[in-house]
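Beneath this line is the structure, given in structure tokens, with notes to follow.
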Amino acid sequence: MTATPVPRTDTASDSDTPTEAAPATDTAAADEHTAAGAAEAVEALLLVDLQTAFVAGDEAVPDAARVLDRGRALLARARAAGALVVHLQNDGAPGTVDEPHTPGWELHLPVQPGPSETVIRKSEDDGFDGTPLGALLDGAGVRALALCGVLSEMCVAATARTALARDFRVVLPHDAHATYDIPAAAGISERVPAALSSRAAEWALGDEVEIVPRAAAVTFTAPRRGR
């Protein structure tokens, strides 16, 4: 991930930022879950770069609290179902906010290492690039996965594209990924709110990705070994 965090300016409350009536937590009632369009169960959860630099403090993405809430709930359900959980952790360049072994590089959600949960470090946007992610998913028999994390148009989108190219079924909950505002650029555009950037990023993935409105619609199952 190469983007530099943009200092927060409370953009979530700006009048030009679209808002949606998202549930306060990811424990939706049955009727709300149905309305969200329940997805067929997936066998893996990829948590993309939920690192302190991007989801905590003044330099966090504007919707960090929401993404963390959805991430915790997805993680709890994936663990309970015996699904494979992969925490992707970006190794930033020296001097960046996610430089390895700095406070901003640390994963924000606790990891429970074991046969079904692991951390994979990466140095590129694409979580498959130069990492054992593909071999891990194939070896576990994963055919379908869900993604949650940051940044929408960078590491989330790049990882989703490669997963699709490798013939995985990919589910992307709209309320479980986020990014920064795009700053205004003279002669090009005014500031683009983060919510619009995130929506454009998921739209650009095309019709192969399954975009569901709520993370509450994502269900998990244990993978069958030997894909």
Side-chain angles (χ1 to χ4, degrees), residues 1-12 14 16-20 22 45-56 59-71 74 86-93 96-98 104-105 107-108 120 122-131 133 145-166 168 170-185 188-215 218:
M1 187 178 300
T2 57
T4 301
V6 178
R8 294 185 64 177
T9 56
D10 295 325
T11 55
D14 288 352
D16 59 349
T17 302
T19 58
E20 58 179 350
L45 172 64
L46 305 188
L47 297 167
V48 183
D49 300 350
L50 289 180
Q51 293 165 252
T52 298
F54 308 119
V55 296
E59 293 186 334
V61 296
D63 288 324
R66 167 176 55 78
V67 173
L68 285 174
D69 177 74
R70 304 307 188 264
L74 288 165
V86 179
H87 301 258
L88 291 174
Q89 184 175 29
N90 196 69
D91 288 346
T96 59
V97 295
D98 55 348
W105 173 79
L107 293 170
H108 199 71
I120 291 181
K122 64 185 183 64
S123 57
E124 304 295 336
D125 287 356
D126 179 4
F128 290 89
D129 190 355
T131 76
L133 178 59
L145 56 89
L147 287 94
C148 166
V150 296
L151 299 174
S152 302
E153 77 281 22
M154 297 180 71
C155 296
V156 172
T159 302
R161 280 197 185 89
T162 298
L164 290 169
R166 288 172 172 255
F168 291 104
V170 178
V171 177
L172 180 61
H174 173 71
D175 62 347
H177 65 96
T179 191
Y180 295 102
D181 294 349
I182 300 175
I188 298 176
S189 75
E190 299 299 319
R191 176 182 63 86
V192 178
L196 292 182
S197 181
S198 288
R199 177 61 182 134
E202 65 186 18
W203 177 258
L205 290 171
D207 57 8
E208 292 184 5
V209 67
E210 295 178 33
I211 300 171
V212 295
R214 303 282 183 265
V218 180

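- Across F128 and A163, no two heavy atoms sit closer than the pair CE1-N, 3.6 Å.
- What you find for A178 and V67 is that their closest heavy atoms are CB-CG2, 3.5 Å.
- Listed by chain and residue number, H177, T179, S198, A201 satisfy the side-chain contact (heavy atoms from CB on, under 4.5 Å) test with S152 (two or more places apart in sequence, or in another chain).
- With values rounded to the nearest 0.5 angstrom, I182 atom CD1 is found 11.0 Å from I188 atom CD1.
- Under the side-chain hydrogen bond (donor to acceptor under 3.5 Å, both in side chains) criterion, S197 pairs with no residue, sequence neighbours left out.
- Taking D91 as the reference, W105, R121 meet the side-chain hydrogen bond (donor to acceptor under 3.5 Å, both in side chains) condition, with sequence neighbours excluded.
- Here CG of L88 is found 9.5 Å from CG of L50. Values are rounded to the nearest 0.5 Å.
- Taking CG of L151 as the reference point, atom CZ of F54 lies at 6.0 Å (rounded to 0.5 Å).
- Residues A176 and R70 share a closest heavy-atom pair of CB-CB, 4.0 Å.
- When all heavy atoms of V218 and A146 are compared, the closest pair comes out as CG1-CB, 3.9 Å.
- For the side-chain contact (heavy atoms from CB on, under 4.5 Å) criterion with E202, the lone passing option out of L147, V156, I211 is I211.
- Applying the side-chain contact (heavy atoms from CB on, under 4.5 Å) criterion to L164, with sequence neighbours excluded, gives V170, E208, V209.
- Nearest heavy atoms, T159 versus D125: OG1-O, 3.5 Å.
- To the nearest 0.5 Å, atom CD1 of residue I120 and atom CD of residue Q89 are 11.5 Å apart.
- Closest approach of K122 to G127, counting heavy atoms only: CD-CA, 3.7 Å.
- With values rounded to the nearest 0.5 angstrom, R214 atom CZ is found 7.5 Å from H174 atom NE2.
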For the pair L133 and L46, evaluate side chain to side chain contact (heavy atoms under 4.5 Å, CB included) and give the outcome as yes or no after the intermediate values.
CA-CA 10 Å; L133 178 59; L46 305 188; 4.1 Å; yes

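- You'll find the side chain of V171 reaches within 4.5 Å of the side chain of V212, heavy atoms only.
- Residues meeting the side-chain hydrogen bond (donor to acceptor under 3.5 Å, both in side chains) test with T131, sequence neighbours left out: none.
- Using modelled atom types, one side-chain atom of D175 and one backbone atom of A215 make a donor-acceptor pair closer than 3.5 Å.
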